[in-house]
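Input: a single structure, listed below in structure tokens.
Note that ligands are numbered from 1 as they come in the structure, with each ligand's atoms numbered from 1 the same way.
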Amino acid sequence: MRILVTGGAGFLGSHLCERLLNDGNEVICIDNLFTGQKANVAHLRENPNFEFVRHDIIDPFKYEVDQIYNLACPASPPHYQYNPIKTIKTSVQGAINCLGLAKRVKARVFQASTSEVYGDPIVHPQPESYWGNVNPIGRRSCYDEGKRCAETLFFDYHREHNLDIRVIRIFNTYGPRMHPNDGRVVSNFIVQALKGEDLTIYGDGTQTRSFCYVDDLIEGFVRFMAQTEIVGPMNLGNPGEFTMLQLAELTLKLVGGKSQIVHRPLPADDPRQRRPDITLAKRVLNWEPQVPLEEGLKRAITYFRTKV
Ligand code: NAD
Ligand code: UDP
């Protein structure tokens with residue numbers, strides 16, 4: 001198949017491009033390199049089945065493709081809040097452009113949605129049926145509401161135009177090729193520990209997240225895109241739940257060194273807890289994460305050692 005991946009030079013996108021090429025597909029990767037890097041796909045550029053296009057998905061694009069994976073959007077809070085209006089345009093106008101293309105060329109189209117659609121969840125763990133608890137006017141809203149609106153667009157195109165959609169809600173995922181300055185917690189802690197700097201916990205560190213290793217997530221993407229039973233939304237993530245204090249302590253144990261834990265103010269609307277209910281993914285995809293946090297962190301640390 002010929003497959004378009006938007007955001008293909010980012011962290012998840014580059015792993016996805018690599019996987020799709022290994023499976024024998026042609027891949028067109030489009031990315032404006034806002035948070036992505038050419039280096040993430042440099043090893044793919046020799047492959048005649050791979051094509052990189054520098055392009056912003058807010059502007060329309062046309063390719064004859066069989067499938068579209070829409071991943072373009074900054075995912076780390078400091079980056080998506082840097083230019084919030086641009087972030088929401090990327091989610092909403094970018095989704096419209098992907099859906100318009102999918103309609104024209106009759107492609108199956110995938111949306112990388114997020115656990116952020118659940119906001120600061122009152123239901124725990126979060127099943128797909130939960131509608132969420134999202135602040136529509138806060139600092140995180142450009143991302144959360146942009147992704148919620150993109151889901152709405154995907155389902156309206158599905159109902160109105162019978163578009164073949166797939167919507168995945170991704171929970172915190174980490175691994176090699178996250179940018180060292182990405183700003184998300186796993187890369188921050190590892191980079192800080194490797195540099196011998198103090199690990200910055202926002203708030204008291206009792207808030208929780210569930211961390212999925214990138215290879216597990218990409219396997220879930222491909223299985224979800226291949227099946228025809230459901231269009232989603234489907235949660236993908238690792239149900240293992242950790243406090244930020246536990247994550248910091250584990251990182252320090254694995255990296256070693258002299259770093260201490262320090263506390264910084266908790267950002268507004270930071271969700272208290274998050275953990276995916278993956279019953280649906282287990283049943284439909286026969287999928288569940290294989291890489292435990294400690295093992296995944298070791299692999300990520302090995303990568304960041306080469307970057308720091
Ligand atoms: P990332 O920031 O590494 O990747 C995003 C990519 O999109 C980057 O390469 C960036 O340059 C590109 N991009 C941003 N705006 C663009 C635009 N307007 N036009 C073209 N390209 C643009 O982040 P990631 O972790 O790889 O996330 C990929 C997708 O998965 C995002 O849509 C994100 O919302 C979603 N997601 C990720 C996670 C996670 O934990 N990694 C969790 C939930 C959802
Ligand atoms: N966090 C932290 N220190 C950091 C970066 C993040 O304690 O250096 C916290 C953050 O406040 C949040 C959690 O870690 O409670 C996960 O943050 P991240 O930005 O990785 O993802 P998200 O909040 O979008 O789940």
Side-chain angles (χ1 to χ4, degrees), residues 5-17 29-38 40-41 53-59 61 69-81 83 86-87 89-91 93-95 97-98 110-118 120 140 143-144 146-147 150 168-175 177-179 182-192 197-212 214 217-218 221 235-238 242-245 247-248 251 261-274:
V5 179
T6 78
F11 160 50
L12 297 179
S14 62
H15 287 274
L16 178 63
C17 289
C29 155
I30 70 177
D31 200 301
N32 69 352
L33 300 178
F34 174 49
T35 52
Q37 305 172 83
K38 280 189 191 167
N40 284 342
V41 289
V53 183
R54 187 168 186 153
H55 182 81
D56 193 310
I57 63 159
I58 289 174
D59 301 319
F61 43 90
Y69 283 84
N70 183 31
L71 272 65
C73 185
S76 147
H79 288 125
Y80 69 63
Q81 290 168 22
N83 186 344
K86 171 83 186 192
T87 298
K89 280 186 185 167
T90 295
S91 274
Q93 191 57 51
N97 287 335
C98 287
F110 171 109
Q111 169 65 2
S113 190
T114 169
S115 56
E116 296 284 332
V117 300
Y118 302 123
D120 190 5
R140 298 176 79 98
Y143 184 74
D144 301 8
K147 289 285 186 178
I168 286 276
R169 291 180 180 156
I170 306 165
F171 285 65
N172 300 62
T173 300
Y174 67 97
R177 301 203 200 119
M178 291 182 94
H179 196 286
D182 179 87
R184 282 175 278 186
V185 68
V186 174
S187 47
N188 270 12
F189 284 178
I190 294 176
V191 170
Q192 288 164 342
E197 295 171 357
D198 293 338
L199 272 61
T200 52
I201 290 193
Y202 301 161
D204 64 7
T206 57
Q207 71 271 37
T208 67
R209 294 293 187 273
S210 301
F211 298 104
C212 185
V214 58
L217 186 80
I218 299 298
F221 278 15
N235 290 339
L236 282 188
N238 190 321
F242 297 85
T243 65
M244 296 312 102
L245 268 171
L247 179 70
T251 308
I261 289 174
V262 294
H263 291 266
R264 297 279 177 265
L266 187 69
D269 297 330
D270 200 278
R272 285 289 318 151
Q273 54 181 2
R274 218 186 271 139

Do the non-hydrogen side-chain atoms of Y202 and P265 ever get within less than 4.5 Å of each other?
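A side-chain contact is absent here, since even the closest heavy-atom pair is not under 4.5 Å.
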With respect to [X], determine whether any N or O atom, backbone or side chain, lies less than 3.5 Å from an N or O atom of ligand 2.
| X | value |
| --- | --- |
| R184 | no |
| L266 | no |
| Y80 | no |

Would a distance-only check, ignoring hydrogens and angles, find a side-chain to backbone donor-acceptor pair under 3.5 Å from T35 to P74?
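Side chain of T35 to backbone of P74, a donor-acceptor pair under 3.5 Å: no, none is there.
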Which segment of E116 sits under 4.0 Å of ligand 2 when only heavy atoms are counted:
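It is the side chain that touches ligand 2; the backbone stays farther off.
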Is the contact between N188 and ligand 2 made by the side chain, the backbone, both, or neither, using heavy atoms and a 4.0 Å cut-off?
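Under 4.0 Å from ligand 2, N188 contributes side-chain atoms alone.
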Give the numbers and elements of all ligand 1 atoms closer than 4.0 Å to a heavy atom of [X].
| X | answer |
| --- | --- |
| N172 | 40 (O) |
| H55 | 19 (N), 20 (C) |
| L33 | 11 (O) |
| I170 | 30 (O), 35 (C), 36 (N), 38 (C), 42 (C), 43 (C), 44 (C) |
| G36 | 8 (C), 9 (O), 10 (C), 11 (O) |
| K147 | 31 (C), 32 (O), 33 (C), 34 (O) |

Looking only at non-hydrogen atoms, which of A75, A150, G8, G94 approaches atom 23 (O) of ligand 1 most closely?
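Checking each option, the heavy atom nearest atom 23 (O) of ligand 1 is found in A75.
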Options D269, T200, N172, D144, ranked by nearest heavy atom to atom 3 (N) of ligand 2, top entry:
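Nearest heavy atom to atom 3 (N) of ligand 2 lies in T200.
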With a 4.0 Å cut-off on heavy atoms, is [X] in contact with ligand 2?
| X | value |
| --- | --- |
| R140 | yes |
| P77 | yes |
| Q192 | no |

Test of proximity, [X] against ligand 1: N or O pairs below 3.5 Å:
| X | value |
| --- | --- |
| R184 | yes |
| F34 | yes |
| T173 | yes |
| G10 | yes |
| A72 | no |
| Y143 | yes |
| D182 | no |
| S115 | no |
| G13 | no |
| P74 | no |

Among all protein non-hydrogen atoms, which one is nearest to atom 11 (O) of ligand 2, and what is the separation to 0.1 Å?
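I find the closest protein heavy atom is D270 OD2, 2.7 Å.
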Which bit of T6 is near ligand 1, meaning a heavy atom under 4.0 Å away: side chain, backbone, both or neither?
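No part of T6 comes within reach of ligand 1.
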